[in-house]
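Heads up: the structure comes next, in structure tokens.
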Amino acid sequence: MSYQKEGYRRHKRWCEYSRAARIAVMVAAGLVFIPTFLVLCGAVTMWLWNWLMPAIFKLPAIGFWQAIGILLLSHILFRRSSFGRMGKSRWKKERIRERMGEEAPGPKPE
């Protein structure tokens, strides 16, 4: 039995749900997945640190919250900042390209 041929679907499409229902699902998913991801990343960082660093560099073992702190610190130190890109919006870049194209040396069309 094909549901598509009869014009009947068993479930609604995502876009057919109300905006409030979609927001509620996204908030619930965020409340589940974000802490799970944070715990997983912290546990992996702690495991890798405690496996490698004491053996290689004679550093002490760390706990879970210290691993979370290392992740946060590395994010602050090594992420790409947006300060270098401030004021360089798409339309400004486009205007610069247009001016460069007008001033480009070479044979001029007749």
Side-chain angles (χ1 to χ4, degrees):
M1 179 172 163
S2 174
Y3 294 106
Q4 293 294 333
K5 289 182 181 177
E6 296 175 13
Y8 172 78
R9 285 192 316 269
R10 182 175 284 172
H11 301 286
K12 288 183 180 180
R13 291 186 180 139
W14 178 251
C15 62
E16 293 173 345
Y17 286 99
S18 69
R19 175 175 270 174
R22 288 183 292 181
I23 290 173
V25 168
M26 287 189 288
V27 167
L31 289 174
V32 170
F33 290 121
I34 291 173
T36 302
F37 183 72
L38 182 67
V39 167
L40 183 66
C41 288
V44 168
T45 302
M46 183 181 69
W47 177 73
L48 284 172
W49 179 282
N50 291 338
W51 177 47
L52 295 171
M53 295 302 177
I56 297 172
F57 300 112
K58 305 292 186 223
L59 294 172
I62 62 171
F64 175 76
W65 292 109
Q66 291 170 323
I68 296 293
I70 289 172
L71 285 175
L72 181 64
L73 181 64
S74 65
H75 178 72
I76 291 169
L77 293 176
F78 298 118
R79 71 175 178 187
R80 291 183 58 191
S81 78
S82 61
F83 293 118
R85 293 174 278 168
M86 288 178 74
K88 295 183 180 179
S89 62
R90 184 181 299 167
W91 65 272
K92 283 186 179 180
K93 288 180 183 179
E94 190 174 315
R95 279 189 16 205
I96 291 170
R97 283 190 204 109
E98 287 174 1
R99 273 194 242 139
M100 289 176 68
E102 292 170 1
E103 300 169 4
K108 294 184 180 180
E110 297 177 15

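Residue indices begin at 1 and follow the sequence shown. Predicted model only: the values in this text are computed from it and were never measured.
Hydrophobic clustering keeps I76 apart from I70 (ILVMFWY residues linked when any side-chain heavy atoms are closer than 4.5 Å, directly or through intermediates). At a threshold of 4.5 Å between side-chain heavy atoms, the hydrophobic network of Ile, Leu, Val, Met, Phe, Trp and Tyr places V32 and I34 in two separate groups. A chain of hydrophobic side-chain contacts below 4.5 Å, direct or via other Ile, Leu, Val, Met, Phe, Trp or Tyr residues, connects I56 to M46.
Checked against side-chain hydrogen bond (donor to acceptor under 3.5 Å, both in side chains), E16 has the following partners two or more places apart in sequence or in another chain: R9. Take L48 and apply the side chain to side chain contact (heavy atoms under 4.5 Å, CB included) test, not counting sequence neighbours, and it matches V44, W51.
Remark: side-chain polar atoms of W49 are not paired, donor with acceptor, to backbone N or O of G63 under 3.5 angstrom.
When each of L71, L40, N50, I68 is paired with T45, the side-chain contact (heavy atoms from CB on, under 4.5 Å) condition holds for L71 and for no other.
L31 places a side-chain heavy atom less than 4.5 Å from the side chain of V27. With a 4.5 Å cut-off on side-chain heavy atoms, W14 and V25 count as touching. Under the 4.5 Å side-chain criterion, counting only non-hydrogen atoms from C-beta, F64 is in contact with V39.
Going from atom CG of L73 over to atom CD of Q66 covers 12.5 Å, rounded to the nearest 0.5 Å. To the nearest 0.5 Å, atom OG of residue S74 and atom CZ of residue R79 are 11.0 Å apart.
Scanning all heavy atoms of the two residues, the minimum distance from P35 to G30 falls at CD-O, 3.5 Å. Across all non-hydrogen atoms, the minimal contact from A67 to G42 is CB-O, 3.4 Å. Across all non-hydrogen atoms, the minimal contact from R22 to Y17 is NE-O, 3.6 Å.
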